[in-house]
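Below is one structure; the comments refer to it alone.
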Number of protein chains: 2
Amino acid sequence: MSKVLVVDDEPALARALAINLRAHGWEVVTAADGRSALDAAATERPDVVVLDLGLPDLDGTEVIAGLRGWSSVPIVVLSARQHGEDKVDALDLGADDYVTKPFAMNELMARLRAAVRRGQVAAPEEAVVTVGSLEIDLARKRVAREGVDVRLTPTEWAFLELLARNLGRLVTREQILREVWGPAYEHETHYLRVYAAQLRRKLEDDPAHPRHLITSAGLGYTLEAG
Amino acid sequence: MSKVLVVDDEPALARALAINLRAHGWEVVTAADGRSALDAAATERPDVVVLDLGLPDLDGTEVIAGLRGWSSVPIVVLSARQHGEDKVDALDLGADDYVTKPFAMNELMARLRAAVRRGQVAAPEEAVVTVGSLEIDLARKRVAREGVDVRLTPTEWAFLELLARNLGRLVTREQILREVWGPAYEHETHYLRVYAAQLRRKLEDDPAHPRHLITSAGLGYTLEAG
DNA sequence: CACCGTCTTGACGGTTCCTTGACGGCGGGC
DNA sequence: GCCCGCCGTCAAGGAACCGTCAAGACGGTG
């Protein structure tokens, strides 16, 4: 769970933010002015800071500068001002993102997630899905079974990749056909059978009794996690 | 083409909205009160909802809360009230954006587009409905009873999904038949009995005395929350 | 042009699922 | 008590779907 520090002097807005963020799984700490914001940032070590400009004591830019003196925590600035002038200021000083009021809660949430993601330096995005003895490397577009590479055709790979990106989730026939063959093929279910069989022959220990690539008759296919 | 659900009890405004939206390429569904809004959202699966506060039956906030129980569809609230009080309420409950009347059609349109865009980027959003020892995962299309997966046929799943999306609310026979079998089957009530029985056999501890899938004779079925 | 890997298409047998009918239980109205 | 409507149960037949094999079509490459 990520921790967010909300810095805002309007109690109503601060409360609304806190409630929404908590509902979405964030741990929330609040501060109502610039000085306590700096204190809270030092003691709580949040993963990201939401900073409303126009605080009673310090100018928002001072808060950013103060934080940047010792921390590289991502900062998302919140502002009522419409024009770009202080946007440039804030970004210059080291803010990471900028949202003008009124804003949509989802947008803020998305920007926070993005900010945290960017903030995590150690994120080379190791996109490898492991399923039993299968290793599916989404970045390199490779599959290995018990350590040895398996050669897949482009269509086989597209099929498998789609299932792997939805690991453990049922992917409907229509979705597979749309994604792999294109929107016009939405009803060509024959392809599914041919390619499911082909993947099983290459990837399953016992293709006749698949343990990974599971069929749900009339619905679609699932790449089973366990 | 994106689909929008317009919830407004003033016919004139609802019509004006529908016409304008359709002219801009939206697919439009309308509802005039809170209850039918929830029904329509469950059956139509809009990409975004425009919700006018001040409905005859339910408070707008109740509608938001009801929707948020199972859906993460973006909601844009429409309100005549000028001051911020219920704005905060609406956002607290999970609305995504807020437009005060009178508004420019262009502005609403832009906010809808933005809401849809954000909705698509947003997280996969765990949508799991828990009923007793049942876990119904709407995103993965899976049901587990006491932790173990239960295999459902496509029709069984469609039936259960509809009830789960209307958790605790009675779903009429007509609505189920229309949704699961199609508009032409609105009077084939035999199907309901067969499939209700089948679901109970798979999901209930004692199929003869169901505690979750409840019949209301002559009316329809309810998936009981407790 | 011939070769090769890949994609498409067809046919067939086995399985799952849907549909349909028949029957019994339950409860309300008369 | 009897009738009637509605619900729940079971089972059978047929339709839809799946897995499999293999032959042809297609598109690059040498």
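Below, chain A is the first sequence line, B the second, and so on; all start at residue 1.
Rounded to an integer number of Å, the gap from CZ of Phe159(B) to P of dT19(C) is 13 Å. One atom, NE2 of His187(B), and another, P of dC6(D), lie 13 Å apart when rounded to the nearest Å. Remark: P of dC18(D) and NE2 of His209(A) are 18 Å apart, rounded to the nearest angstrom. Between Leu192(A) atom CG and dC7(C) atom C1' there is a gap of 14 Å when expressed in whole angstrom units. What separates CD1 of Ile214(A) from P of dT16(C) is a distance of 14 Å, to the nearest Å. Distance Gln198(B) CD to dC7(D) C1': 16 Å, rounded to the nearest Å. With rounding to whole Å, Leu152(A) atom CG is found 10 Å from dC7(C) atom P. A straight line from CD of Glu204(A) to C1' of dT20(D) spans 16 Å, rounded to a whole angstrom.
Within the nucleic acid shown, Tyr195(B) comes within 4.0 Å of at least one base atom, counting heavy atoms only.
Results of the side chain to side chain contact (heavy atoms under 4.5 Å, CB included) test with Val129(B) over Leu134(B), Leu163(B), Leu160(B), Leu138(B) single out Leu138(B) as the only residue that passes.
Proximity note for Arg151(A) (side chain, C-beta onward) versus dC21(D), dT6(C), dC17(C): the nearest is dT6(C). Of the candidates dT6(C), dC18(D), dG21(C), dC18(D) carries the atom nearest the Tyr221(A) side chain, counting heavy atoms from C-beta on. When the nucleotides dG8(D), dC17(C), dT19(C) are ranked by their closest atom to the side chain of Arg200(B), dG8(D) comes out on top. Across dC10(D), dC18(D), dC7(D), the shortest atom-to-atom separation from the side chain of Ala217(B) is found for dC7(D).
A donor-acceptor pair shorter than 3.5 Å can be found between the side chains of Thr215(A) and Arg200(A).
Atom CG of residue Leu223(A) and atom CD1 of residue Ile214(A) lie 8.5 Å apart, to the nearest 0.5 angstrom.
Using a 4.0 Å cut-off, some side-chain N or O of Trp181(A) falls inside it from OP1 or OP2 of dT8(C). Between Thr153(A) and the phosphate of dG5(C), there is no side-chain N or O to OP1/OP2 separation shorter than 4.0 Å. Applying the 4.0 Å criterion to OP1 and OP2 of dG8(D), one finds that Thr215(B) has a side-chain N or O inside that range. One finds a side-chain N or O of Arg173(A) lying less than 4.0 angstrom from the OP1 or OP2 phosphate oxygen of dC18(D). Under 4.0 angstrom from either OP1 or OP2 of dT9(D) there lies no side-chain N or O belonging to Arg193(B). Contact check, Tyr191(B) against dG8(D): no side-chain N or O comes under 4.0 Å of OP1 or OP2. A sub-4.0 Å separation between OP1 or OP2 of dC18(C) and a side-chain N or O of Tyr185(B) is absent.
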Under the ring pair (Phe, Tyr, Trp, His ring centres under 6.0 Å) rule, what do Trp181(B) and Tyr195(B) come out as? Steps first, then yes or no, please. CA-CA 12 Å; Trp181(B) 281 271; Tyr195(B) 277 88; 5.4 Å; yes
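Counting non-hydrogen atoms of other residues, nucleotides and ligands closer than 6.0 Å to CZ of Arg145(A) gives a total above 12.
Distance alone, capped at 3.5 Å, is enough to place a donor-acceptor pair between the Asp137(B) side chain and the Arg140(B) backbone.
Aromatic stacking of His190(A) on dT8(C): not satisfied for centres closer than 5.5 Å together with planes under 30 degrees.
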